[in-house]
Asks: 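Dumping the structure here so I can ask a few things about it.
Note that the structure is a prediction, hence the values are computed from the model and not measured. Chain letters run A, B, ... following the sequence lines, proteins first and then strands; every chain starts at 1.
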Amino acid sequence: MNKIYNHKEVEEKIYKKWEDSGSFKPEVNPNGQPYSIILPPPNANAPLHFGHAMYVVEDILVRFRRMMGHATLWLPGTDHAGFETQFVFERELQREGKSRFDYDREKLYQMIWDFVESNRGEMEKQLKSLGFSLDWDRMRFTLDPEIIKIVYKTFKKLYDDELIYRDLKLINFCTHDGTSFSDLEVKHIEQKDPLYYMRYGPFSLATVRPETKFGDTAVAVHPDDKRYKKYIGKEIEFESLIGRVKLKVIGDSAVDPEFGTGVVKVTPSHDFNDFEMGKRHNLPMRQVIGFDGRLTSLTGKYKGLKVAEARRIVSEDLKKEGLLEKIDERYTHTVATCYKCGRVLEPLPLEQWFVKVKPLADAALNAIKKGEIKFIPKRFEKTASTWLENFHDWNISRQLVWGIRIPAWKCKDCSKWTVTEGMVPEQCPNCKSKELVQDTDTFDTWFSSGQWPYATLLSQSRISNFQLPISNEDINISQDFKKFYPTSVMETGYDILPWWVVRMIMLGIYETGKVPFKTVYLHGLVRDQKGKKMSKSRGNVINPIDMAEKYSADAVRMALIFGASAGNDLSLSEDKIRGMRNFTNKIWNIARFIDLKRETRNPKLEIRNNLTIEQLSNLATTQTDKEMIKLVEELVKRTTKHIEKFELNLAAEGLYEFMWHEFADKYIENVKGRLDKDSYIIVNTLYLILLRLLHPFMPFITEEIFGKFSGNNSLLITEKWPKAE
RNA sequence: GGACUUGUAGCUCAGUGGUAGAGCGCUUCAUUGACAUUGAAGAGGUCAGAGGUUCGAUACCUCUCAGGUCCACCA
């Protein structure tokens, strides 16, 4: 054996051995109790970062269960990540001086498809290089035809149950990226903007958005406001920038008499409060900002101006006309921005498909309350519940081409919508017209990924081309679904709890009647050595794959687990990874010691595997040996308990400490001078037990050494987990 | 405005109702056969502050101070 462990000669070879032997498949333990984890699907187009490397938590759980004899499934997949991917792709286009408007829908979709396709292999390679024992034959992509069919089926079912409706509401719209969002994608930031006090007939009123004044359809005051009570119900008339205006004065308790002058202009098309007020008072809508972010023809000479310019020009014109009384320059408030491009979002009126969340959320809450889902750490149970209690209806329409197109058709003649499970309807069920046009929108990515646990398992049914609609028999045929649903654990970062975890619970219960997973384990975010968030702009990003190449995958894995408790952010440094690399070398050199002794002794010593603790105890003659056996026995118990309780950091720390400072520093030193046939067997057997315990954490090096020692072709990955009697 | 969360050795963090741990760093010494990607010894912390519960608190409760994150329709 080499003096130093060389992971580069080992990792690829070992991974291939595992894969070729079918060890990643649940079928290696055909009679075991099922244990399943669905991999949170990474974006198909993006390279892996350290967040993805945290999947090591899942690999540890899965390897542990496999050694425990469970029929263990870890199912890989990738996400088309609608908006994220289209956003990245458009930036690529921009670099070439092009934009999405240069292509038609089909062409653009194909181009993004090719773009994603060209990146997908890379991601798979990276996951493998970290040693993840995923069953690649069961790999799924959110745009696989089988998955799409299931997503359609869910949509139709929700629609039939009246849990999906189409409505004209104000939605948050990014005029740059050209799509609407759900509430979750909106990032609120605090900002300083001028507050303009404008003259409106007899009133003065304050607003940050003078450019929307052309969309006003009323003026509102508080119903009890003595100053203005007499105006309520009356109409005011005054000269504005584009002619004479007549506005109704309404009384509405949403108006805060303390703010500004206590008078508000009401613009139902461009403000959420005003929209609600408009509904209460039956006010007309006047859309003065278009989806391109420019003022519409309702604004007269201001038509075509972008919002920011319009604000400047309108306020200047108001000033010229003497309609601007003052400007408060120190006004701060929060504005809604696009979480992706950072631009201010426009509330715009648009018809969209919405999920009626309340019934789904109530069912999810109920399941959580009943303890059907366990959260680790526990505090996230409250977080999830709070989200479920406060969800607004979920806008699932996106004005993107990259995604699953919504299976809804509008009749040109009677305007009624027809929703199907994906088939093109032949005629309008309402008026029999054949003129039907499909909605151009696609689903919010989270609508499909929210169905991931059951969709991935159902789609494993071996009927290759089931027809639409999917029958319940087809679904029943999926052995994987029967066997592995609900899955055992969902492991992901706490940052996507509301986006993903909560929605999986809602949709999972709705579609299958069962929770999608029994335990949710939420890991923290990986930060740099100073605890700062890793980001490209900070330049502090460490690439897990580079680190694995430099220090071994095992070292990277161990560094991610060691000292990192569930739900808390973890700060990672190259020093830490190097420290773990040193540990791999320590493990290696214990093996080397054992190996050298065997070779140099005459007669040659013998390496034994599969002796029980009890058999070992019978061999032991010295006190030290006896104590060591006892200590290992305790370590087995401790480690097992820690992993079962998801305390992976404690398990890892215990193993590290024991292997290095007990086994190597003390025991090996002690035994060095007195090795005989029996004590040698004790040393190597204990060592092999330690290798088993370490295997889930550091699979490559332990497998490599096990291969050298075990003599036959058995693999550590499917060896039995040591049991303390 | 609300919710959650953190404050433990120089740095990054574990941990526990019984007078504190790890990794990295630091000091001194050792070392030609398992390993310098090493070993031995060591320095270093009134576990943010105040009060309470307790025989006993760093750990449980309350408050204060200081960070962080997320949510929130105030024009």
Side-chain angles (χ1 to χ4, degrees), chain A residues 1-6 170 172 183-184 186-188 193 195-198 205-210 212 216 219-220 254-256 258-267 270-277 331 333-336 347 377 379-380 382-383 385-387 389-392 494-495 497-498 524-525 527-533 551-552 555 558-559 561-565 567-597 600 647 649-650 652-654 656-657 660-661 664-666 668-669 672 683 687:
Chain A
M1 287 172 77
N2 292 328
K3 223 170 160 176
I4 282 174
Y5 169 59
N6 186 351
L170 284 201
N172 287 296
D183 293 349
L184 284 182
V186 177
K187 185 150 181 61
H188 294 269
D193 278 310
L195 182 65
Y196 302 90
Y197 284 77
M198 310 188 289
L205 61 79
T207 180
V208 283
R209 304 205 59 183
T212 63
D216 296 347
V219 168
V255 178
D256 176 4
E258 304 292 317
F259 184 89
T261 59
V263 185
V264 189
K265 65 192 207 59
V266 185
T267 325
H270 300 291
D271 182 279
F272 288 99
N273 281 320
D274 295 2
F275 181 77
E276 293 301 319
M277 244 189 265
Y331 179 65
H333 63 149
T334 52
V335 293
R379 68 179 133 93
F380 286 112
K382 189 173 175 190
T383 313
S385 301
T386 307
W387 274 107
E389 282 158 11
N390 296 311
F391 258 124
H392 298 302
Y494 64 76
D495 53 328
L497 181 72
L525 275 30
R527 297 169 177 277
D528 77 357
Q529 53 190 317
K530 287 183 188 129
K532 288 264 168 1
K533 198 169 167 177
Y551 296 110
S552 83
M558 199 64 175
I561 297 300
F562 201 92
S565 58
N568 287 336
D569 293 352
L570 144 85
S571 114
L572 188 74
S573 62
E574 189 164 343
D575 274 348
K576 186 172 181 187
I577 300 171
R578 193 186 310 118
M580 293 305 153
R581 187 276 314 272
N582 294 355
F583 180 50
T584 63
N585 201 51
K586 179 55 79 172
I587 298 170
W588 182 256
N589 273 289
I590 300 168
R592 188 157 169 260
F593 168 79
I594 293 172
D595 196 49
L596 281 175
K597 290 296 172 197
T600 53
E647 298 165 338
N649 57 322
L650 298 184
E653 285 157 33
Y656 177 100
E657 168 69 16
W660 197 323
H661 301 301
D665 290 348
K666 292 183 191 153
I668 297 274
E669 287 305 320
K672 243 180 200 171
V683 171
Y687 180 63

Asks: I want to verify a distance call: between B/A34, B/G15, B/U37, whose nearest atom is closest to the A/E669 side chain?
Replies: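 Within the option list, the nearest is B/A34.
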Asks: Heavy atoms only, 4.0 Å cut-off, all strands: where does A/H661 land among base, sugar-phosphate and nothing?
Replies: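 A/H661: backbone/sugar contact only, no base atoms under 4.0 Å.
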Asks: Can you check the distance between B/U8 and B/U46, where both ends of the measurement are the P atom (answer in whole Å)?
Replies: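 These two P atoms come out 12 Å apart once rounded.
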Asks: With P as the reference atom in both, quote the distance from B/C61 to B/G23 in angstrom, rounded to an integer.
Replies: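 Roughly 31 Å separates the two P atoms.
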Asks: If you measure from the P atom in B/A22 to the same atom in B/G45, how many Å do you get, rounded?
Replies: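 Per the computed distance, 15 Å lies between those P atoms.
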Asks: Considering every strand and a 4.0 Å limit on heavy-atom distances, what is the contact class for A/V263: base, sugar-phosphate, or nothing?
Replies: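 Nothing, no nucleic acid heavy atom in range.
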Asks: How far, in whole Å, is B/G21 from B/A41 if one measures between their P atoms?
Replies: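 Per the computed distance, 15 Å lies between those P atoms.
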Asks: What integer number of Å spans the C1' atoms of B/U32 and B/U28?
Replies: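 One C1' to the other, the span is 22 Å.
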Asks: Within the 4.0 Å heavy-atom criterion, would you say A/W387 contacts the bases, only the backbone, or no part of the nucleic acid?
Replies: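 Here A/W387 touches the backbone only, sparing every base.
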Asks: Please enumerate all residues that pass side-chain contact (heavy atoms from CB on, under 4.5 Å) together with A/L650, with sequence neighbours excluded.
Replies: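 Per chain and number, A/L650 pairs via side-chain contact (heavy atoms from CB on, under 4.5 Å) with A/H642, A/E647, A/E653.
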Asks: Taking the C1' atom in each of B/U37 and B/C13, what is the distance between them to the nearest angstrom?
Replies: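 Pairwise C1' distance, B/U37 against B/C13, rounds to 23 Å.
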Asks: Using a cut-off of under 3.5 Å, enumerate the N/O to N/O pairs linking the protein to nucleotides 4-13 of chain B.
Replies:
from: B/C4; atom 1: OP1; to: A/K382; atom 2: NZ; distance (Å): 2.4
from: B/U12; atom 1: O3'; to: A/S571; atom 2: OG; distance (Å): 3.0
from: B/U12; atom 1: O2'; to: A/S571; atom 2: OG; distance (Å): 2.3
from: B/C13; atom 1: O2'; to: A/G563; atom 2: O; distance (Å): 2.6

Asks: Considering non-hydrogen atoms only, spot the tightest contact between A/V255 and A/A220 and give its length.
Replies: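 For A/V255 versus A/A220, the nearest heavy atoms are CG2-CB, 3.8 Å.
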Asks: Would you say B/A72 has OP1 or OP2 under 4.0 Å from some side-chain N or O of A/H188?
Replies: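 The answer is yes; a side-chain N or O of A/H188 sits under 4.0 Å from OP1 or OP2.
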Asks: Which nucleotide, B/A34, B/A14, B/G23, lies nearest any side-chain atom of A/I668?
Replies: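 Closest of the options to the side chain of A/I668: B/A34.
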Asks: Just jot down the side-chain contact (heavy atoms from CB on, under 4.5 Å) partners of A/D256, sequence neighbours excluded, or say none.
Replies: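 For A/D256, the residues satisfying side-chain contact (heavy atoms from CB on, under 4.5 Å) (neighbours in sequence not counted) are A/E258, A/F259.
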Asks: Counting the atoms with a prime plus P, OP1 and OP2 as sugar-phosphate, which does A/F391 contact under 4.0 Å by heavy atoms, base, sugar-phosphate, or nothing?
Replies: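 It contacts nothing in the nucleic acid.
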Asks: Which part of the nucleic acid does A/Y5 contact within heavy-atom distance under 4.0 Å: base, sugar-phosphate only, or nothing?
Replies: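 No contact at all - A/Y5 keeps every heavy atom at 4.0 Å or more from the nucleic acid.
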Asks: Tell me what A/D595 touches on the nucleic acid: a base, only sugar-phosphate, or nothing, going by heavy atoms under 4.0 Å.
Replies: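 Contact class for A/D595: none.
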Asks: Please pick, from B/C74, B/G23, B/C71, the nucleotide with the shortest atom-to-atom distance to any side-chain atom of A/D256.
Replies: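 In terms of side-chain proximity for A/D256, the closest of B/C74, B/G23, B/C71 is B/C74.
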Asks: For A/E276, answer base if it contacts any base atom (sugar-phosphate contacts may also be present), sugar-phosphate if it contacts only those atoms, and nothing otherwise; contact means non-hydrogen atoms under 4.0 Å.
Replies: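 Touches nothing.
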Asks: Hey, does A/A559 reach any base, or is it just sugar-phosphate, or nothing, if we go heavy atoms under 4.0 Å?
Replies: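 Contact class for A/A559: none.
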Asks: Just by modelled atom types, is the A/A664 backbone N or O under 3.5 Å from a matching donor or acceptor in the A/K586 side chain?
Replies: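 Flag not set: sc A/K586 to bb A/A664 has no pair under 3.5 Å.
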Asks: When rounded to the nearest Å, what value does the distance between P atoms of B/G17 and B/U6 take?
Replies: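 It works out to 16 Å between them.
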Asks: If you look at every strand shown and take non-hydrogen atoms under 4.0 Å, does A/L596 touch a base, only sugar-phosphate, or nothing?
Replies: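 Counting heavy atoms under 4.0 Å across all strands, the contact made by A/L596 is with sugar-phosphate only.
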Asks: On a whole-Å scale, what distance lies between the P atoms belonging to B/U19 and B/C35?
Replies: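 Taking atom P in both B/U19 and B/C35, they lie 40 Å apart.
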Asks: In whole angstrom, what separates A/E653's CD from B/G23's P?
Replies: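 In whole Å, B/G23 P and A/E653 CD are 10 Å from each other.
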Asks: side-chain contact (heavy atoms from CB on, under 4.5 Å) with A/N585: which residues, sequence neighbours excluded?
Replies: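 Residues passing side-chain contact (heavy atoms from CB on, under 4.5 Å) with A/N585: A/I4, A/Y5, A/W588, A/N589.
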Asks: For A/Y494, enumerate each residue passing the side-chain contact (heavy atoms from CB on, under 4.5 Å) test, keeping only those at least two apart in sequence or located in another chain.
Replies: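 Scan of A/Y494 (side-chain contact (heavy atoms from CB on, under 4.5 Å), adjacent residues dropped) gives A/F380, A/L522, A/L525, A/D569.
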Asks: Tell me every residue that passes side chain to side chain donor-acceptor pair (under 3.5 Å) with A/K666, counting only those two or more places apart in sequence or in another chain.
Replies: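 Listed in chain order: A/E662.
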